[in-house]
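Taking it in order: structure first as structure tokens, then the write-up.
One-based numbering, in listed order, for ligands and for the atoms of each.
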Amino acid sequence: MKYKSTRGQVAGIGFIDAVLMGLADDGGLLIPESIPQVDADTLTKWRELTYPELALEVLSLFIGDEIPRDELAELIQASYTTFRDPEVTPVKRLSPERAVLELFHGPTFAFKDVALQFLGQLYAYISQKTGSVIHILGATSGDTGASAIEGVRGKEGIRICILHPAGKVSRVQELQMTTVSDANVQNLAVEGTFDDCQRIIKELFADVSFKKEYHLRAINSINIARLLAQTVYYFYAALKLAKDGESRLPNFSVPTGNFGDIFAGYLARRMGLPIGRLILATNENNILERFVHEGIYEPGEFRSTYSPSMDIQVASNFERYLYYQNGEDAAKTAAQMAELSKSGRIVVASDVREAVQADFAAYGVKNAECLEAIRVCHADTGYLLDPHTACGVAAGGRIAASGELTVTLATAHPAKFDESIQLVNIRQTFPAPIAALFEKPQHATRVEGSADAVKDELLRFF
Ligand SMILES: *Cc1c(COP(=O)(O)O)cnc(C)c1O
């Protein structure tokens, strides 16, 4: 399989080069040259596979023979033995019409581990095969940072620097990142929002000579390997439900920020996985909800909510969807992205808007509604939702028709967001690995929100 850019100036590169490139050199995002197709017979066979076996099948379609199958199998095995649940991503039923797909059984208790444990293994593999250093640079709204650090801490040949918005991540998220004492880890607490962090990263990666000189690599969800790893659990959940005798096609409700997770669902459907609706759940930062309803993509004012990992106005993976929506027209996509940076918005025609609405239903969950979803679910079922998952459950409840089955992606464990859980007067017991964090010393450097300031810190660290 070869990869190409959504803006048309990069093409014909292999999987490993696509992983290493992160953001495409023309400023676009990398995508496979074609979407592999999975037929019904294959899907039926895949029902019998364990999570790592399934991941091997799905990822092989995108990697081909670039990584020998037995080596890829080892990488996948190493990625998922760190998960606490034998099923890796189990589906739990809450009622006849509702289920959650628990994606938080990895080391940092959020779904980011599913992709970043794999990407960490992949980077170590590449570094070892090529004998090259890998400098990872990433921005986080909270969960990615901890998860990426956990994926590569202490690994030889790899250094990692993570930017997070100072004071705008949850206490546990901050502790998970900053209590790591391995020398190959640097944390920068940036004065600004997550969007500022993401902009800085984009600027540094766009500086192609700097990127090349320092072997800068991305871990943000612009990295194609993450999206591919995330398609696996859509297959896993849908096939598991079918195997257990479920005859309805499940809707998936996806708590959305950067559009990575839901894009993986879109990709799974384009590969031939039969699913119901893809429900795009946002919080009050609802640029994507507005896009689906109005056909206008325009960042609004930033709001802090109970679901900080979704406090995002510029969804970095959106361009990939735009590209497919444009019938894979790279020139048109590049022009729209140029329009976005010039005028601050993209407006699509009404026929495109209708096509978007055929792909996604969307709902923006208000703060009060998020807390209410946590309270009601806990009262009705005893199941404690984290605030991100709660947005997904609330959106699913708004959009799904009676009788449909909606699976919400449970993107984090509630212990990561106890600040919000306390607001609904629910007391939870922290899992031991989280409770232990409060005792450890923290390591982070505060830095002003500009690319130059971050570059200075990086030069010191590398
Ligand atoms: C990252 C994250 C999201 C948003 O996922 P995207 O792929 O950015 O859309 C939702 N919930 C949690 C807990 C997250 O960490």
Can you check whether F118 reaches L59 side chain to side chain, under 4.5 Å on heavy atoms?
yes
Are the ring centres of Y236 and Y233 closer than 6.0 Å?
no
Residues around ligand 1, heavy atom under 4.0 Å from any ligand atom, sorted by chain and number. Can you pull those?
F111, K112, D143, P255, T256, G257, N258, F259, G260, D261, S309, M310, H388, T411, A412
Report the C-alpha separation of F111 and F104 in whole Å, then their side-chain angles, then the decisive distance to 0.1 Å, and conclude whether the ring pair (Phe, Tyr, Trp, His ring centres under 6.0 Å) test is met.
CA-CA 5 Å; F111 88 94; F104 52 71; over 10 Å; no
Between F259 and F318, how do the two ring planes meet: parallel, tilted or perpendicular, split at 30° and 60°?
perpendicular
Heavy atoms only: give me the nearest P308-H388 pair and the separation to one decimal.
N-NE2, 3.5 Å
Close aromatic pair by centroid cut-off 6.0 Å: Y306 and F417
no
